[in-house]
Amino acid sequence: METTLKRTCLYDKHVELGALISPFGGFEMPIQYTDIISEHNAVRTACGLFDVSHMGEVQITGRDAERFVQHVFTNDVSGAPYGKILYGMLLNPNGGVVDDLLVYVKSNTDYWLIVNASNIDKDLDWLTKLADGFEVEVKNRSEETAELAVQGTKAESLIERCLGISCADLAFYTFKETEHEGQALLISRTGYTGEDGFEIYGSPAFIRKAWDALLASKEVTPCGLGCRDTLRFEVGLPLYGNELSEEITPLEAGLGMFVKLDKGDFVGRDAIVAQKTEGLKRKVVGIELNGRAIPRHGYEVEADGKVVGSVTTGYQSVSTGKSVCMALIDKACAEIGTNVGVRIRKRLQEGVVTKKRFYDKHYKK
Amino acid sequence: MLLLSADILTKNKSKSNIRSYSIPTYQNKMTMAKIIEGLLYSESHEYVKTEGNVAYVGITDFAQSQLGNVVYVELPEEGDEITAEETFGAVESVKAASDLISPVSGKVVEINEALGDEPELLNKDAFEHWIVKVELSNPEELKGLMSAEAYARFIAQ
């Protein structure tokens with residue numbers, strides 16, 4: 001399917017640091033530099049630095065930009081001021097998720113969509129198709145935009161100290177544009193780890209300098225995508241391809257709060273309204289197992305001797321040590337406290353339905 | 001998964017019967033994978049240490065270095081019959097589960113229970129912490145396993 005793998009502007013630095021490198025979303029990305037557990041704990045207790053330049057950036061500009069974003073995006077951007085960021089999804093007409101994304105509001109004629117690397121081409125095709133009849137331009141800005149995620153309780157002070165960028169004033173899910181040594185950058189208080197943290201966007205040249213400056217402090221741990229996944233999983237954040245897909249609706253994924261049915265029509269709205277009326281047949285839940293065997297993506301979930309769904313993501317939680325997973329299962333078994341089992345290497349491991357969040361978020365709001 | 005090249009393989013003389021082989025386990029990171037002389041090795045990275053008719057079976061240092069943080073070891077039960085080239089348990093790292101493939105056939109006479117509470121012992125010293133002790137039912141099978149030197153060549157391929 002994929003022809004050649006792309007590399008981010010920091011690839012040589014990952015190799016230099018001895019990273020284990022693997023394909024992810026069409027890119028050769030660092031999975032870990034030392035080991036997932038220490039990198040995970042660095043983010044939970046201090047500060048971790050991720051290269052997330054693989055993420056896609058799509059810019060929507062033009063007179064109809066606001067109306068267009070309202071038409072394709074589940075959250076409500078109407079009247080949103082400069083600096084506001086909203087999480088939501090692009091839906092297909094069946095209510096399934098084309099992609100989940102962040103929308104950065106620059107003005108009502110200029111929006112930046114931050115999309116999953118693996119979906120960049122699909123999203124561009126989808127948006128371009130839907131743009132028919134709107135006075136908008138859909139531009140792929142992924143190539144010229146690099147991105148770092150600086151995550152953890154010490155992120156704020158380390159960014160200020162290492163990069164001279166003040167970010168204490170940034171509220172959760174807002175951004176600002178500024179410059180560092182003459183180079184333009186955008187910084188937001190966002191992330192995918194459940195900790196306070198920031199994402200910094202800029203040119204490859206700037207991002208390379210920022211990477212070096214942050215690591216030079218010796219207080220920032222380079223972190224790979226391995227722990228990015230264990231971190232997001234523990235706090236119940238979805239990953240496209242696991243908890244979300246073209247076949248899974250936001251309601252099933254438990255993300256209904258990001259779908260604003262009262263904002264007017266948008267692609268997929270009818271399907272979501274219908275699903276709400278009829279009631280859900282299945283739902284993404286958390287499951288905690290009694291034993292230590294680890295539930296993995298795709299393993300079957302059983303209740304009363306029947307298969308009722310499958311695991312979407314599972315780990316031994318790095319922070320709590322428990323064997324836990326998120327799973328998409330029949331609504332009838334989705335009540336918290338329901339006894340269910342996960343089939344792991346032929347044996348049924350008993351467990352119970354829980355919240356999807358296995359570790360509390362520590363956002364600074 | 002691995003990018004290994006034979007020319008980077010170097011054998012260091014060291015004390016005792018432990019030889020260290022320098023093997024690039026990551027893209028360019030040289031990690032010393034320990035290989036012990038006198039043990040037998042399988043292509044699925046288990047080792048066998050025999051004492052008469054009894055064999056200690058574990059995973060190699062190379063295997064643990066490739067797995068990363070080991071967080072769970074699924075052990076068979078004492079008295080279980082295990083068969084060469086068949087699964088007898090699993091080792092799970094943070095990211096993935098790997099089956100344990102038995103290099104020998106026989107009865108499990110002891111399991112290393114310490115691994116139940118501290119699976120990370122495999123990362124600390126995979127050769128020190130064997131996984132099962134097996135009473136061999138067909139010692140002839142040992143002839144099909146690799147020597148230390150052959151295993152070193154095998155992982156360098």
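Chain letters run A, B, ... following the sequence lines, proteins first, then strands; residues in each count from 1.
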Residue-level contacts of residues 80-107 of chain B with chain A, using a heavy-atom cutoff under 4.5 Å: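 If one takes a 4.5 Å heavy-atom cut-off, the residues of residues 80-107 of chain B near chain A are B:A90, B:E92, B:S93, B:V94, B:K95, B:A96, B:A97, B:D99.
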Ring centroid separation B:F127 to B:Y47 under 6.0 Å: yes
A:T313-A:H297 side chain donor-acceptor pair, cut-off 3.5 Å: no
Donor-acceptor contact present, side-chain B:N112 to main-chain B:I131, <3.5 Å: no
Which of A:I294, A:T230, A:D229, A:I36 touches chain B most, by non-hydrogen pairs under 4.5 Å: A:I294
Top contributor to chain B contacts, counting heavy-atom pairs under 4.5 Å, from A:G291, A:A293, A:G226: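 Sorted descending by pairs with chain B, the first entry is A:A293.
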Intermediate values then yes/no, salt bridge (charged side-chain N to carboxylate O under 4.0 Å, His left out), A:R208 and A:D51: CA-CA 10 Å; A:R208 285 175 65 84; A:D51 174 15; over 6 Å; no
Lys/Arg N to Asp/Glu carboxylate O, A:K6 vs A:E28, below 4.0 Å: no
Lys/Arg N to Asp/Glu carboxylate O, A:D12 vs A:R7, below 4.0 Å: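 So A:D12 does not pair with A:R7 through a salt bridge.
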Atom group of A:R296 that falls short of 4.5 Å from chain B, counting heavy atoms: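 Just the side chain, heavy atoms under 4.5 Å.
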Pairwise salt bridge (charged side-chain N to carboxylate O under 4.0 Å, His left out) hits with a residue in residues 44-59 of chain B, at least two apart: none
